[in-house]
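Below: one structure, written as structure tokens.
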Amino acid sequence: HLIAVRVPALPLGTKVNLAKRASHEVVEALLLTDPHERLVKVTLESKYLTERILIRSIGSAMREPPALSAVAVHQEWGKRHGVKKALAKNPNLLHGHRARILSTLSAFDLNEIYEDCAAHGHILNAVDEEFAGRPQDGRTRAHRRALSKEEIEAVLSKAKKKRRQESKDRERDRDRAEKAAHAPKK
């Protein structure tokens with residue numbers, strides 16, 4: 001597209017208007033040349049934005065914390081696994097967003113981030129902090145949250161029902177075994 005080639009020379013207001021109705025190629029050109037916070041917020045709502053384009057932009061062109069924060073808190077894009085990993089690897093992401101994102105990623109993902117970001121000590125420290133706060137098996141912190149009173153009661157109730165059923169099953173099996181032992185042999 002001729003427009004995609006001319007994107008870098010356009011003023012911000014024109015880019016914002018273009019982002020609202022542009023094609024995939026133009027959206028990609030917008031995010032790779034000038035990922036300004038205002039432009040990013042509009043582009044995140046574009047039906048032409050793809051995860052591939054967004055991840056590529058986060059990994060290369062997005063350097064401003066406000067633009068990265070806009071992606072991190074977005075209702076749709078901020079929850080996508082690939083986007084979260086790309087954000088966590090970006091050295092300019094604010095620490096609070098990085099800590100929240102890291103807490104949702106698997107131990108495998110954290111190891112990948114650790115290896116990919118060896119030159120960025122603050123990212124390595126954040127990954128170390130996340131690992132330190134996890135159980136030995138590497139489960140995410142979400143799996144460690146305290147249970148509510150209702151959840152505890154539900155778990156106990158389910159366990160009691162299971163024990164009762166197991167007891168009934170054992171008694172039934174015992175009765176069958178006794179009947180079989182006393183039954184006349186043919």
Side-chain angles (χ1 to χ4, degrees), residues 4 7-22 24-146:
V7 162
L10 298 173
L12 180 61
T14 304
K15 291 177 184 178
V16 168
N17 285 329
L18 198 54
K20 294 176 184 176
R21 58 184 179 276
H24 295 287
E25 295 85 11
V26 175
V27 167
E28 186 170 18
L30 289 166
L31 286 178
L32 290 175
T33 58
D34 183 21
H36 185 277
E37 176 189 13
R38 190 170 142 214
L39 179 62
V40 169
K41 285 181 176 180
V42 171
T43 307
L44 290 172
E45 303 305 324
S46 171
K47 64 182 178 181
Y48 296 108
L49 179 62
T50 65
E51 188 168 350
R52 182 192 62 79
I53 293 170
L54 186 56
I55 290 171
R56 188 167 169 221
S57 177
I58 292 168
S60 62
M62 274 193 213
R63 292 181 191 91
E64 297 300 318
L68 293 164
S69 295
V71 177
V73 300
H74 192 270
Q75 287 296 96
E76 178 187 346
W77 295 107
K79 293 178 182 174
R80 295 196 179 198
H81 185 75
V83 173
K84 290 193 294 187
K85 282 176 47 178
L87 286 167
K89 292 178 184 180
N90 190 305
N92 299 312
L93 182 67
L94 297 175
H95 179 74
H97 291 306
R98 185 180 331 280
R100 179 184 51 78
I101 289 169
L102 291 176
S103 73
T104 67
L105 298 176
S106 69
F108 180 82
D109 292 330
L110 294 177
N111 282 323
E112 179 186 322
I113 291 167
Y114 200 88
E115 290 172 9
D116 291 350
C117 299
H120 302 287
H122 67 291
I123 296 176
L124 300 182
N125 290 339
V127 172
D128 284 339
E129 287 173 16
E130 177 57 32
F131 268 130
R134 288 188 177 194
Q136 292 297 324
D137 62 6
R139 291 179 301 157
T140 61
R141 290 178 188 213
H143 289 104
R144 287 186 16 201
R145 72 171 177 77

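Keep in mind it's a predicted model, so treat the numbers as computed, not measured.
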Checklist entry - Near E76 CD, under 6.0 Å, is it more than 12 heavy atoms from other residues, nucleotides or ligands? => result yes
First locate atom [atom1] of [X], then atom [atom2] of [Y], and finally report the distance between them rounded to the nearest 0.5 Å.
{"X": "S106", "Y": "E112", "atom1": "OG", "atom2": "CD", "result": "8.5 Å"}
{"X": "L94", "Y": "R100", "atom1": "CG", "atom2": "CZ", "result": "11.0 Å"}
{"X": "R38", "Y": "L12", "atom1": "CZ", "atom2": "CG", "result": "5.0 Å"}
{"X": "L30", "Y": "I53", "atom1": "CG", "atom2": "CD1", "result": "10.0 Å"}
{"X": "I58", "Y": "E51", "atom1": "CD1", "atom2": "CD", "result": "9.0 Å"}
{"X": "L102", "Y": "L87", "atom1": "CG", "atom2": "CG", "result": "10.5 Å"}

What pair of heavy atoms forms the shortest contact from [X] to [Y], and how long is it?
{"X": "R98", "Y": "A88", "answer": "NH1-O, 2.6 Å"}
{"X": "A61", "Y": "P35", "answer": "O-CG, 3.4 Å"}
{"X": "A22", "Y": "V27", "answer": "O-CG2, 4.0 Å"}
{"X": "L44", "Y": "A70", "answer": "CD1-O, 3.7 Å"}

Checklist entry - Between S57 and L54, is there a donor-acceptor pair closer than 3.5 Å when you use the side chain of the first and the backbone of the second? => result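 Looks like no, no N/O pair under 3.5 Å.
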Checklist entry - Got a donor-acceptor contact below 3.5 angstrom from the D116 side chain to the K89 backbone? => result no
Donor-acceptor pairs are to be reported for all side-chain atoms of residues 119-128 against protein atoms at under 3.5 Å, with residues two or more places apart or in another chain.
| residue | atom | partner | partner atom | Å |
| --- | --- | --- | --- | --- |
| H122 | NE2 | P91 | O | 2.9 |
| N125 | ND2 | G121 | O | 3.4 |

I want to check something: taking the side chain as every heavy atom from C-beta on, are [X] and [Y] in contact at a cut-off of under 4.5 Å?
{"X": "M62", "Y": "V71", "value": "yes"}
{"X": "L110", "Y": "E130", "value": "yes"}
{"X": "E45", "Y": "K20", "value": "no"}

Checklist entry - Quick one: salt bridge (Lys or Arg N to Asp or Glu O under 4.0 Å) pairs with a partner in residues 55-67, sequence neighbours left out? => result E28-R56
